[in-house]
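Here's the structure, in structure tokens; my notes come after.
Lettering of chains follows the sequences in order, A, B, ..., and the numbering in each one begins at 1. Bear in mind that the values here come from a model prediction, so they are computed numbers and not experimental data. When reading the values below, keep in mind they use all heavy atoms of this one structure, side chains included, and skip hydrogens, waters and symmetry mates.
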Number of protein chains: 2
Amino acid sequence: MFSLAEENYLKAIYHLEHENQGEVSTNAIAERMDTKPSSVTDMVQKLAEKDLLSYKKYKGTLLTPSGRKIAANVIRKHRLWEVFLVEKLNFHWDEVHVIAEQLEHIQSDELIARLDKFLGSPDFDPHGDPIPDKHGNVKRTEKKLLSECEKNQRGVCVGVKESSGEFLQYLDKRKISIGTKIKVLGKEFFDGSMIIQVGSDQFFISQKIAENLYVQTN
Amino acid sequence: MFSLAEENYLKAIYHLEHENQGEVSTNAIAERMDTKPSSVTDMVQKLAEKDLLSYKKYKGTLLTPSGRKIAANVIRKHRLWEVFLVEKLNFHWDEVHVIAEQLEHIQSDELIARLDKFLGSPDFDPHGDPIPDKHGNVKRTEKKLLSECEKNQRGVCVGVKESSGEFLQYLDKRKISIGTKIKVLGKEFFDGSMIIQVGSDQFFISQKIAENLYVQTN
DNA sequence: AAATATTTTTACCCTTGTCTAAAAATTAAG
DNA sequence: CTTAATTTTTAGACAAGGGTAAAAATATTT
């Protein structure tokens, strides 16, 4: 139905829309897709023709509902395949992205329905990202303090409670910022301290840190 | 490494080489791939440049060892994915071809190695066709009489012992010819009769029939 | 508000893979 | 063995998708 290139553009725009709110700029798309702005302009105009996104010259683009649905479906496929690769084929979670980038374009609703069932209809992929349902809807979750999380829970950093320079510098040193994924590896009840995973790093944090970091959990 | 179109040409030529012995004609490739002879000439010349096949104008083509290896690898991937679809996702064996045509082009040796292991390193796909090993070698098997086959064995018709008009007419009526796949569903020891599957038809055959049909078994 | 910098678009070219129409080879028939 | 039929190749043309360089619009400084 849609070409590989079209699907990749829709997917990139979908992600950019969620990262920054509002219109997505030509340059942002070009950078994300490792291509040139002129190529983006071309493709965006074609996709606007097909009513997959709305586009005003020089003003950026926004996906239409149908464009959004297609993008969400590609992402659904990507994430389901990632679950398959990790759970069934024992890949490590940081090896699967490149392969899933190819698998996400396989066209067959029946295949995805059966794969989903085979995997036990997972809600999240191995990176902790939510898997859209077949209608393109993503389970949105509430934010809470990291200190309220339990062992083995995952969350995405969505903000801070305190915002002193010292605290922000600490977060910077630990490479934690908005959008960073955090997994609680262990929690000490005595003092509320935690061991957490951030990317491939694992380290200790005090309760004071955990009480000042907002995360969106699964 | 190779484009989708290139892989599909190599695969088609590989199959045609095995079906008819000797050079593969431009028209044969065009018909198999549902494209025009002029397009085939173009592509075949490109593939000859890359030493994936040998080509003499007006004389047809033959794969080189490297071309054959690539083709066999695509076929290996196709058949492994078919096993996956049938064994793990419970597709029916006649529904999987179209999907496997897409999956066969996913590039990742690691993926295929793991998929192969996950499936228990099968030797045959759900249609009974042999799966080439990772070096592109196909297990070649000896032919024998259908009457020597056991229950649940599969074979491909490769010839007849008797060739009377009546017998050939019978085979024709049953849609059995060179290359037809046959599966033994049941065998009666008392009289050597069998129930066999041919395509989606199942029927009874006498020992006399089974003793005059050569098959190549798994 | 004018000048400068940045972003976006346009106009044109390139590559891959396909097609049509016509020319050239090969094969088959009389 | 010469004509007819068939197969194959060549010579353009086209659509998708991407790139360059320059023009046009928008943003930012001063």
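- Sequence neighbours left out, the pairs with a member in residues 61-74 of chain A that pass salt bridge (Lys or Arg N to Asp or Glu O under 4.0 Å) are A/E17-A/R68.
- Legend: residues meeting ring pair (Phe, Tyr, Trp, His ring centres under 6.0 Å) with A/F84, ordered by chain and number and at least two apart, are A/W81, B/F84.
- Among residue pairs with one or both ends in residues 38-78 of chain A, those qualifying as ring-ring contact (aromatic ring centres under 6.0 Å, His included) are A/H78-A/H97; sequence neighbours excluded.
- Between A/E31 atom CD and C/dT8 atom P there is a gap of 11 Å when expressed in whole angstrom units.
- Atoms NZ and CD1, from B/K181 and B/I176 in turn, are 14.0 Å apart once rounded to the nearest 0.5 Å.
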*Footprint string (nucleotides 10-26 of chain D, 5' to 3'): B base within contact, S backbone only, - free, heavy atoms under 4.0 Å*: B------SSBBB---SS

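- Within the 4.0 Å cut-off from OP1 or OP2 of D/dT9, at least one side-chain nitrogen or oxygen of B/T26 is found.
- Atom CD in A/E23 sits roughly 15 Å away from atom C1' in C/dT7 (whole-Å rounding).
- Residue pairs meeting the salt bridge (Lys or Arg N to Asp or Glu O under 4.0 Å) criterion with at least one partner in residues 79-93 of chain A, sequence neighbours excluded, are A/R79-A/D125.
- Pairs of residues two or more places apart, or lying in two chains, that qualify as salt bridge (Lys or Arg N to Asp or Glu O under 4.0 Å) and include a residue from residues 2-16 of chain A are A/E6-A/K50, A/K11-A/E101, A/K11-A/E104.
- By the ring pair (Phe, Tyr, Trp, His ring centres under 6.0 Å) test, B/H105 is found to be paired with no residue, residues two or more places apart in sequence or in another chain being considered.
- Looking at residues 14-21 of chain A, you'll see that no heavy atom sits under 4.0 Å from any atom of DNA chain D.
- B/N27 has a side-chain polar atom (N or O) that falls below the 4.0 Å cut-off from OP1 or OP2 of D/dT8.
- Looking at residues two or more places apart in sequence or on another chain, you find a ring pair (Phe, Tyr, Trp, His ring centres under 6.0 Å) between B/H18 and B/Y14.
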